[in-house]
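Predicted, not measured: the structure shown is a model, and the values here were computed from it. Just so it is clear: chains get the letters A, B, ... in the order the sequence lines come, proteins before strands, and each one is counted from 1.
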Number of protein chains: 2
Amino acid sequence: MVKRTSFEGDGCPIARSLDALGDWWSLLIIREALFGLRRFGEFQSKLGMAKNILSVRLRSLVDHGILATAPASDGSAYQEYVLTPKGRGTFPILVALRQWSEEFDDRPEEIATVLVDRAKGRPVKKLEMRAEDGRLLSPADTTLKPRATRRRRLA
Amino acid sequence: MVKRTSFEGDGCPIARSLDALGDWWSLLIIREALFGLRRFGEFQSKLGMAKNILSVRLRSLVDHGILATAPASDGSAYQEYVLTPKGRGTFPILVALRQWSEEFDDRPEEIATVLVDRAKGRPVKKLEMRAEDGRLLSPADTTLKPRATRRRRLA
DNA sequence: CTCCAGTGGTTGCATCATAAAACCAAGTTG
DNA sequence: CAACTTGGTTTTATGATGCAACCACTGGAG
């Protein structure tokens with residue numbers, strides 16, 4: 001079993017997320033999908049990746065419920081890949097990755113784009129972690145608690 | 001070159017982030033480091049990963065300025081791996097990954113832990129994206145702008 | 001209908017990364 | 001100083017990745 005060590009059974013939600021989108025291409029595919037790309041060829045030419053890898057990744061993302069295949073859209077008989085709500089839910093992850101790069105990259109001058117508020121054209125604020133009551137939290141202000149395990153319902 | 005396609009030269013900050021921590025183990029190592037793990041053996045036994053891989057990953061994280069080697073701490077002559085500010089800066093990424101899993105995982109009952117506000121013991125709020133003036137932004141409220149740059153891009 | 005270009009993949013092969021286990025050297029302990 | 005622990009490296013097997021070639025289907029021109 002020299003497999004890629006799947007984290008499916010792991011109790012850590014971070015590991016579980018990585019199991020779905022923790023490879024080199026998945027998040028980039030999702031990024032392009034958020035930009036509106038839908039067709040196989042669009043992803044392939046935009047990302048410049050091998051078609052077989054793209055094929056595998058798209059299938060994996062569909063299996064994970066992040067993308068769904070839609071039978072049409074512009075009339076042609078081809079298939080499209082569209083984000084599900086679960087897929088669109090990755091947006092904060094992408095923003096966090098982007099902001100981390102903006103803040104800590106060794107060569108920030110190579111970063112080509114800025115995420116801005118569409119209305120004002122100004123950069124978005126850094127993501128903040130807040131408590132239920134709105135207090136700003138630092139990492140040190142948080143801790144992990146075991147989840148209250150409730151009885152399993154309908155196996 | 002069939003290499004792992006490094007995204008170092010890419011202008012996309014997401015790709016640049018993934019280049020540093022986009023593999024299966026790096027973010028989990030960082031997660032453990034945020035929990036206070038410092039020693040090689042601690043990471044190895046907690047994550048259950050092969051020692052050679054851990055060795056390579058730790059070196060990579062050090063090269064990327066995410067971890068730094070500290071010569072001691074408890075008196076022993078061994079070496080420790082501690083997070084740099086850049087490493088601690090990944091916290092929002094981990095929170096985003098965690099929250100995505102909490103919100104969309106197909107088997108949420110398998111998630112073992114909850115991130116809580118230490119003071120109140122209550123779960124932290126979802127990360128929010130806000131404009132400079134504080135308005136809450138949805139993905140659709142944002143757009144990408146080319147960065148103001150004086151340097152020519154590679155043709 | 002036939003031919004042909006474009007789209008959307010799959011297959012083969014070479015190379016790289018990963019994993020498990022064996023091995024090893026320095027540090028620490030008895 | 002002998003034994004054990006820590007912190008790795010080496011070896012070997014196998015899975016993943018990348019490129020190129022190939023193939024099926026679509027849509028359009030003739």
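To the nearest angstrom, C1' of dA20(D) lies 10 Å from NZ of Lys51(A). Between Gln44(B) atom CD and dG7(D) atom C1' there is a gap of 10 Å when expressed in whole angstrom units. Atom CG of Asn52(B) and atom P of dG7(D) are 16 Å apart (whole Å). The distance between atom CZ of Arg57(B) and atom C1' of dT18(C), rounded to the nearest whole Å, is 9 Å. We find that CG of Leu47(B) is positioned 12 Å from P of dA19(C), with the value rounded to whole Å. Residue Leu58(B) contributes atom CG, which lies 15 Å from atom C1' of dT18(C) at whole-angstrom precision. Nucleotide dT18(C) holds its C1' atom 13 Å from the CH2 atom of Trp24(A), rounded to whole Å. Phe43(B) places its CZ atom 11 Å from the P atom of dG8(D), with the value rounded to the nearest Å.
Between Arg39(B) and dG7(D) there is a side-chain polar atom (N or O) within less than 4.0 angstrom of OP1 or OP2. Residue Arg38(A) has no polar side-chain atom (N or O) positioned under 4.0 Å from OP1 or OP2 of dT7(C). Between dA19(C) and Trp25(B), a contact under 4.0 Å exists linking OP1 or OP2 to a side-chain N or O. In terms of phosphate contacts, Gln79(A) brings a side-chain nitrogen or oxygen within less than 4.0 Å of OP1 or OP2 of dG9(C). The side chain of Ser55(A) contributes an N or O atom lying less than 4.0 Å from OP1 or OP2 of dT10(C).
Without hydrogens or angle criteria, Thr84(B) side chain to Gly65(B) main chain gives a donor-acceptor distance under 3.5 Å.
In this model, no side-chain donor or acceptor of Tyr81(A) finds a partner on the base of dG8(C) within 3.5 Å.
The number of heavy-atom neighbours closer than 6.0 Å to NZ of Lys126(A), taken from other residues, nucleotides and ligands shown, is above 12.
Relative ring orientation between Phe43(A) and Tyr81(A) is described as perpendicular, the plane-to-plane angle rising above 60° on a 0-90° scale split at 30° and 60°.
Contacts of Ala77(B) with the nucleic acid, taken as non-hydrogen atoms under 4.0 Å apart, involve only primed sugar atoms and P, OP1 or OP2.
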Audit row: Trp25(A), Phe7(B), ring pair (Phe, Tyr, Trp, His ring centres under 6.0 Å) steps and yes/no: CA-CA 11 Å; Trp25(A) 290 113; Phe7(B) 301 118; 5.2 Å; yes

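Donor-acceptor pairing under 3.5 Å is recorded for the side chains of Ser138(B) and Asp141(B).
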